[in-house]
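One structure is given here, and the rest of the page talks about it.
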Amino acid sequence: MAKLLLIAGDFVEDYEIMVPFQALQAMGHRVDAVCPDKREGDSVKTAIHDFEGDQTYTEKPGHNFALNATFAEIDPADYDGLVVPGGRAPEYLRLDERVLELVRHFFDTDKPVAAICHGAQLLAAAVSLDKRRVSAYPACAPEVYLAGGDFADIAVTDAITCGKLVTAPAWPAHPEWLKQFNALL
């Protein structure tokens, strides 16, 4: 099975880290979850985003998620694919040049990448999305367009595969998003 890298940070969306981390392992894959400046055994705080009829999602405190690998020690060449969860973490992770280099590695070597929700912010900062259909939380559509991508305005329960990139708007798409990503692996 595949060895996968999951890049996270504080206030990553709770479901968008917990569910893929556990589901991909249940499928037999190895998933190394890392965060800049943190080591194996450290935690990131998560946030729970929900759709409750407001103009945008609401945010509540989530869980502490324990990382199982050390960011400074990883080599992207050791991994078969990349997982980028959403939440607020991509907003500031895209400012870290090492994170951007990691993301670029997966695109440059044509390895599968799965990004969900605000994960598109990290993709747009790292690579050109030219000629790619990309889904994300609708508030990220301008960033997808500015990076040259074609924003896929799909149902919140759907996902889209474009080449080796699988994207989805938010956690309600987990079944379809993970199924499409697993097919690439």
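Numbering of residues begins at 1 and proceeds along the displayed sequence.
With Arg88 as the fixed residue, the side-chain hydrogen bond (donor to acceptor under 3.5 Å, both in side chains) test singles out one of His118, Glu59, Glu13: Glu59.
Put simply, the side chain of Arg98 reaches to within 4.5 Å of the side chain of Ile74, judged on heavy atoms. By the 4.5 Å heavy-atom criterion applied to side chains, Pro20 and Trp177 are counted as neighbours. Residues Trp171 and Cys117 are not in side-chain contact: their nearest non-hydrogen atoms beyond the backbone lie 4.5 Å or more apart. Annotation: side chain of Glu143 is not in contact with side chain of Leu129 (no heavy-atom distance under 4.5 Å).
Taking both residues in full, the closest heavy atoms of Ala33 and Phe65 are given as CB-CE2, 3.6 Å, listed atom of the first, atom of the second, then distance. Between Val134 and Ala120, the shortest heavy-atom contact is CG1-CB, 4.5 Å. When all heavy atoms of Ile160 and Gln180 are compared, the pair lying nearest together is C-OE1, 3.3 Å. Across all their heavy atoms, Pro36 and Val99 have their closest contact at CG-CG2, 3.5 Å. Closest of all the heavy-atom pairs between Ala2 and Leu185 is CB-CD2, 4.1 Å. The heavy-atom pair separating Asp110 from Lys164 by the smallest distance is O-NZ, 3.1 Å.
Remark: side-chain polar atoms of Arg132 are not paired, donor with acceptor, to backbone N or O of Gly149 under 3.5 angstrom. With hydrogens and angles disregarded, no donor-acceptor distance shorter than 3.5 Å links the side chain of Asp50 to the backbone of Thr58. Using a distance-only test at 3.5 Å, with no hydrogens or angles considered, no donor-acceptor pair links the side chain of Asp54 to the main chain of Thr56. Of the possible polar contacts, none joining the Thr46 side chain to the Val12 backbone as a donor-acceptor pair under 3.5 Å is found. Within the 3.5 Å criterion, the main-chain N or O of Ala159 finds no donor-acceptor partner in the side chain of Glu176. Remark: side-chain polar atoms of Thr167 are not paired, donor with acceptor, to backbone N or O of Ala136 under 3.5 angstrom. The backbone N or O of Ser43 sits less than 3.5 Å from a side-chain atom of Lys38, completing a donor-acceptor pair. Here the side chain of Asp153 pairs no donor or acceptor atom with the backbone of Pro138 at under 3.5 angstrom.
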Checking Leu67 against Val34 for the side chain to side chain contact (heavy atoms under 4.5 Å, CB included) test, could you report, in this order, the C-alpha distance in whole Å, the side-chain angles of both residues, the deciding distance, and whether it holds? CA-CA 6 Å; Leu67 303 166; Val34 298; 5.6 Å; no
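By the criterion of side-chain heavy atoms lying less than 4.5 angstrom apart, applied directly or through intervening Ile, Leu, Val, Met, Phe, Trp or Tyr residues, Val113 is not grouped with Leu4; the two fall into different hydrophobic clusters. Residues Leu82 and Leu123 share a hydrophobic cluster, clusters being chains of Ile/Leu/Val/Met/Phe/Trp/Tyr side chains in contact below 4.5 Å. No continuous path of hydrophobic side-chain contacts links Leu100 to Leu6 [ILVMFWY only; heavy atoms under 4.5 Å]. Under the 4.5 Å side-chain heavy-atom criterion for ILVMFWY residues, a single connected hydrophobic cluster contains both Phe71 and Val103.
Annotation: the span from Tyr92 atom OH to Leu95 atom CG amounts to 10.5 Å, rounded to 0.5 Å. Note: Asp150 CG to Arg133 CZ = 5.0 Å, rounded to the nearest 0.5 Å. For the atom pair Leu93 CG and Asp10 CG, the distance stands at 9.0 Å (nearest 0.5 Å). Taking OG1 of Thr70 as the reference point, atom CG of Asp32 lies at 9.5 Å (rounded to 0.5 Å).
A cation-pi arrangement, defined by a distance under 6.0 Å to the six-membered ring centre and an angle within 45 degrees of its axis, is present between Lys3 and Tyr79.
Between His49 and Tyr57, the ring planes lie tilted relative to each other; the angle falls in the 30° to 60° range.
Around the CG atom of Asp75, the shell of radius 6.0 Å holds more than 12 heavy atoms that belong to other residues, nucleotides or ligands. Enclosure of atom CZ in Phe11 by more than 12 non-hydrogen atoms of other residues, nucleotides or ligands within 6.0 angstrom is indicated.
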